[in-house]
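No hydrogens, no waters, no symmetry mates; every other heavy atom, side chains included, goes into these values.
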Amino acid sequence: MRPNIITEAGISTRLNQWWSSTPFITSGVTIICAAIYLACLLIGYDSYSEICFLPSAAASHFQVYRFYTSVLFHGSLLHVLFNMLTFVPLGTELERIMGSVRLLFLMFLLATTNAIFHLIVAFLVAYNPIYPVSYLVNECSIGFSGVIFSMIVIETSLSGVQYRSIFGLFNVPAKWYAWVLLILFQFLASNVSLLGHLSGILSGFAYTYGLFNYLLPGPSFYSSIEGWSVLSVCVRRPGFILCTGGTTYGQLPTHSNTSIAPSSLINGNFLRNISSWMPSRQSSTIQTSSTQEQEDPRFPGRGRTLASTGTEPTARESSANLHARLLDNTTPSDPLTNSQHAALNTVRADATVIADQTDTFDEDLKKLVGMGFEKTQAEVALAAADGDPNVAIEILMSQQD
């Protein structure tokens, strides 16, 4: 019998396969953080007080650069190794959903908001009249873990899972996952920045609930960046994912409505979210008019809502209706020019491609359900994997571990 090449592959082969499947921005951030640590190690640089996030220095001297330098520098080999091993799977999944440029903007936004939350909490705790803790404003923090905690919150809200495993030892409800990790790291590891991780969780929830919607640019912004000639080399790389080519098979669940504006911070929906203390899993319903639909600015793609009861037309029905309308409009009394005929044929071909993609997606979904996976989780995983059932199986298996 021919040996199984996959199972008998060496460590180097598996590492190459793992790294080659990592998207462009995720691998780029990993290389930058590792290179910065190695450079500091080789030249003997250890003046972290100059580049770390120090609330007192950032506020008194307006040293905004600390918002970003503190994210890229790490204090030890285990620090950078653990952070990057945690970041790669998170970044890979989010980049496949959002696109490369969108993920890069998201990490920039999270690094900025994490630092702002860190400043606010540090000064509130340090100068409160009841029990001031002044050392927090002079605490120096470095590392990518704050952004990682934000991404954990975002990825958990998108996964649709009910439970998450803590180091394979026990399971906790998904809504408590980030908080349990925060407490465990605080007790199990030394020199851990509680405010840095807490600020990351707060930024993740703020993003998930749509409080940053007014800071997010539209799809045309990302498309214009992808069209820059100076980035053509990056865009042509196999690992680069276009923002317009994100999830194509469905809309991933989110907590907030796309119409959230800054004024909605004080409305009843937000107060109910705060009163629940932790987010609960639910599919967001986009309220639209009969002739216009809105698209979530945080996540690309649009389709039927998960766990819907059939109130929204499927892609197959939409393409069939479009085809029927085109045939009805093409009558002998309304002759078409050659260019109009070509455009009509193109639309019909596009509708056929959409129907074929939907058929393939439904078939793969049935296979995953037949393998024992829950339908909702299988649909989310298949959407995150861009329709690749093998990648979807890996995502589902990792969620069960």
Side-chain angles (χ1 to χ4, degrees), residues 26 79 82-98 103 106-107 109-111 113-114 117-118 121 143-189 192-212 252-256 272-284 298-299 306-307 373-374 376-381 383-385 392 394-401:
T26 302
H79 190 196
F82 185 80
N83 276 355
M84 293 302 103
L85 288 177
T86 307
F87 166 70
V88 168
L90 283 172
T92 298
E93 184 170 356
L94 291 178
E95 187 168 354
R96 287 173 177 171
I97 296 173
M98 300 181 177
L103 178 65
L106 172 63
M107 290 189 292
L109 176 64
L110 293 177
T113 55
N114 287 359
F117 278 124
H118 195 147
V121 176
F144 204 77
S145 54
V147 176
I148 291 176
F149 265 88
S150 299
M151 297 175 68
I152 287 175
V153 174
I154 297 173
E155 191 274 335
T156 301
S157 71
L158 295 177
S159 64
V161 297
Q162 299 298 323
Y163 295 91
R164 276 291 170 89
S165 175
I166 302 295
F167 308 128
L169 301 177
F170 57 93
N171 294 331
V172 297
K175 63 182 181 180
W176 295 104
Y177 181 59
W179 298 104
V180 174
L181 289 179
L182 174 68
I183 297 174
L184 286 180
F185 283 128
Q186 196 64 29
F187 283 102
L188 298 179
V192 175
S193 174
L194 174 63
L195 279 187
H197 294 171
L198 176 62
S199 301
I201 294 177
L202 295 178
S203 292
F205 281 129
Y207 179 88
T208 303
Y209 278 105
L211 304 184
F212 295 159
L252 297 178
T254 60
H255 290 297
S256 64
R272 283 194 295 271
N273 289 335
I274 293 298
S275 63
S276 64
W277 180 250
M278 295 298 300
S280 59
R281 289 304 312 163
Q282 60 182 1
S283 299
S284 62
R298 295 169 296 159
F299 307 107
L306 298 181
F373 298 110
E374 295 184 4
T376 301
Q377 297 180 8
E379 188 168 359
V380 173
E394 294 179 2
I395 296 175
L396 291 169
M397 294 299 293
S398 64
Q399 293 174 356
Q400 293 180 355
D401 294 338

Please name the pair of heavy atoms, one in [X] and one in [Y], separated by the smallest distance, quoted to 0.1 Å.
X	Y	value
Leu184	Phe167	CD1-CE1, 4.2 Å
Ser203	Thr113	OG-OG1, 3.1 Å
Phe149	Ala178	CE2-O, 3.7 Å

Any residue meeting side chain to side chain contact (heavy atoms under 4.5 Å, CB included) with [X], in chain and number order, not counting sequence neighbours:
X	value
Thr86	Phe82, Leu90, Ile148
Pro173	Tyr163, Lys175, Trp176
Phe187	Ile183

Measure the [atom1]-[atom2] distance between [X] and [Y] for me, rounded to the nearest 0.5 Å.
X	Y	atom1	atom2	answer
Leu158	Thr208	CG	OG1	7.0 Å
Met151	Leu106	CE	CG	6.5 Å
Ile201	Leu181	CD1	CG	8.0 Å
Thr156	Tyr177	OG1	OH	6.5 Å

query: Got a sec, which residues hit side-chain hydrogen bond (donor to acceptor under 3.5 Å, both in side chains) with His118, two or more places apart in sequence or on another chain?
result: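 Listed in chain order: nothing, the list is empty.
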message: Does anything in residues 143-154 form a salt bridge (charged side-chain N to carboxylate O under 4.0 Å, His left out)? List the pairs, not counting sequence neighbours.
response: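 Applying salt bridge (charged side-chain N to carboxylate O under 4.0 Å, His left out) to every pair that reaches into residues 143-154, excluding sequence neighbours, yields nothing.
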query: Which salt bridge (charged side-chain N to carboxylate O under 4.0 Å, His left out) pairs, counting each pair once, include a residue from residues 148-159, with sequence neighbours left out?
result: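 For residues 148-159, and leaving out neighbouring residues, the salt bridge (charged side-chain N to carboxylate O under 4.0 Å, His left out) pairs sorted by first residue read Glu155-Arg164.
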Does a side-chain heavy-atom distance below 4.5 Å link [X] with [Y]?
X	Y	value
Asn114	Leu202	no
Val380	Val161	no
Leu195	Phe117	no

